[in-house]
Number of protein chains: 2
Amino acid sequence: MDALDQKILRELQCDGRISNVALAERVSLSPSACLRRVQELERTGVIRGYRVVTSPERMGRGFAAYVLVGLSSHTKAAQEGFERAMSVAPEVVECHNIAGAFEYLLRVESADLSEYKRFHTEVLGTQSHVHAITSYIVMGSPKDERAT
Amino acid sequence: MDALDQKILRELQCDGRISNVALAERVSLSPSACLRRVQELERTGVIRGYRVVTSPERMGRGFAAYVLVGLSSHTKAAQEGFERAMSVAPEVVECHNIAGAFEYLLRVESADLSEYKRFHTEVLGTQSHVHAITSYIVMGSPKDERAT
DNA sequence: GGTGAAACGTAGGCCGT
DNA sequence: ACGGCCTACGTTTCACC
């Protein structure tokens, strides 16, 4: 992975559907050489894949919150039960197992606050072993490289 | 936005570089009809763009932490100064302005714990108006739809 | 929404460095 | 080992039905 590869990855970050000839031109390479590099990055796993980026608002995901969750039980069964519930909940887009005063950090996306409240009471509130919930409502994201 | 559009978006979520003919086949449409729908989704802003997904480990981003930051000053100047510092820091991949006991939630990615410690002391520690820092180190992410 | 045809891009073989 | 050139093949993209 040299500077040229990084330049290629930067371009694919901005536009993942750029044509190979345009990409080659941007990084000052011939199309064939450029394609070989991209394919090598895909083969070796540096490139995991490509995905579309959609507008959260237009997808009914205009509201976002981060939620710290504390479990009263630290058994494997309790963790697996909670993780299963989160993986099934469509509002939960991220579920991180963290080290510290809480066990989990969630990113929850919904249409609005009332829909979030429903998730809070009906999904999180009904989970056994959940003994602490702290919500941080996102008011804005001055930087979000994972979304752009 | 009907069911067909959502089907198209789901396919583009899995593979953002799928060819139009393959996409058309997957959603049972002719290539031209499919392309028109995709272009309309792009034109109306439902589709924001396309991005490559890279392996964090292979990019020297194997370590991740979430950081709650409290500011001692709530003036516009203090906020803008902090946000500017975060937008410049390459380790900070997300900076969210939140409502609650803290002002900001960051997602920080680095190669390892020692590099994170350097960021913690040299970047966050030197910021004025920062009076509270709480780090949550990510041990795993059972669900992360924004990364896949 | 489907069809067809021209313009364009892809992908692999081959050669030079 | 890596970049550039060439070419058959597939894809995109448009006017038109």
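Just so it is clear: chains get the letters A, B, ... in the order the sequence lines come, proteins before strands, and each one is counted from 1.
- Nucleotides of DNA chain D lying under 4.0 Å from heavy atoms of chain B occupy a range whose first and last members, 5' to 3', are D/dT11 to D/dC14.
- With respect to the salt-bridge test (charged N to carboxylate O, under 4.0 angstrom), the residues A/R146 and B/D144 qualify.
- Every pair passing salt bridge (Lys or Arg N to Asp or Glu O under 4.0 Å) that includes a residue from residues 103-113 of chain B is listed here, sequence neighbours excluded: B/R61-B/E109, B/R107-B/E109.
- For the helix from C/dG1-D/dC17 to C/dT17-D/dA1, the axis fitted to the five pairs at one end and the axis fitted to the five pairs at the other end meet at an angle of 30° (nearest 10 degrees).
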Got a list of side-chain donor-acceptor pairs under 3.5 Å for residues 117-124 of chain A, not counting sequence neighbours?
from, atom 1, to, atom 2, distance (Å)
A/R118, NH2, A/E91, OE2, 2.8
A/T121, OG1, A/K117, O, 3.2
A/T121, OG1, A/R118, O, 3.3

* To do: Go through B/N97 and A/V138 one step at a time and tell me if the side chain to side chain contact (heavy atoms under 4.5 Å, CB included) criterion holds.
  => CA-CA 6 Å; B/N97 196 209; A/V138 175; over 6 Å; no
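- A search for side-chain contact (heavy atoms from CB on, under 4.5 Å) contacts involving A/R48 returns B/V53, B/S55, B/P56, B/E57, not counting sequence neighbours.
- Both B/V52 and A/L23 belong to a common hydrophobic cluster when Ile, Leu, Val, Met, Phe, Trp and Tyr are linked at side-chain heavy-atom distances under 4.5 angstrom.
- B/R37 and B/D2 are joined by a salt bridge, as a carboxylate oxygen and a charged side-chain nitrogen come within less than 4.0 angstrom of each other.
- Contacts between residues 12-37 of chain B and DNA chain D, defined by a heavy-atom separation below 4.0 Å, involve B/S19, B/N20, B/V21, B/S32, B/L35, listed by number.
- For residues 125-148 of chain B, no pair satisfies ring-ring contact (aromatic ring centres under 6.0 Å, His included), with sequence neighbours left out.
- Pairs of residues two or more places apart, or lying in two chains, that qualify as ring-ring contact (aromatic ring centres under 6.0 Å, His included) and include a residue from residues 27-63 of chain A are A/F63-A/Y116.
- The side-chain contact (heavy atoms from CB on, under 4.5 Å) test applied to B/M1 returns A/M59, B/D5, B/Q6, B/L9, B/L41, B/V46, not counting sequence neighbours.
- The side-chain contact (heavy atoms from CB on, under 4.5 Å) search around B/A132 returns B/F102, not counting sequence neighbours.
- Pairs engaging residues 68-91 of chain B under the ring-ring contact (aromatic ring centres under 6.0 Å, His included) rule: B/F82-B/Y104 [sequence neighbours left out].
- Heavy-atom contacts of chain B under 4.0 Å fall on DNA chain C between two terminal nucleotides, which in 5' to 3' order are C/dG1 to C/dT3.
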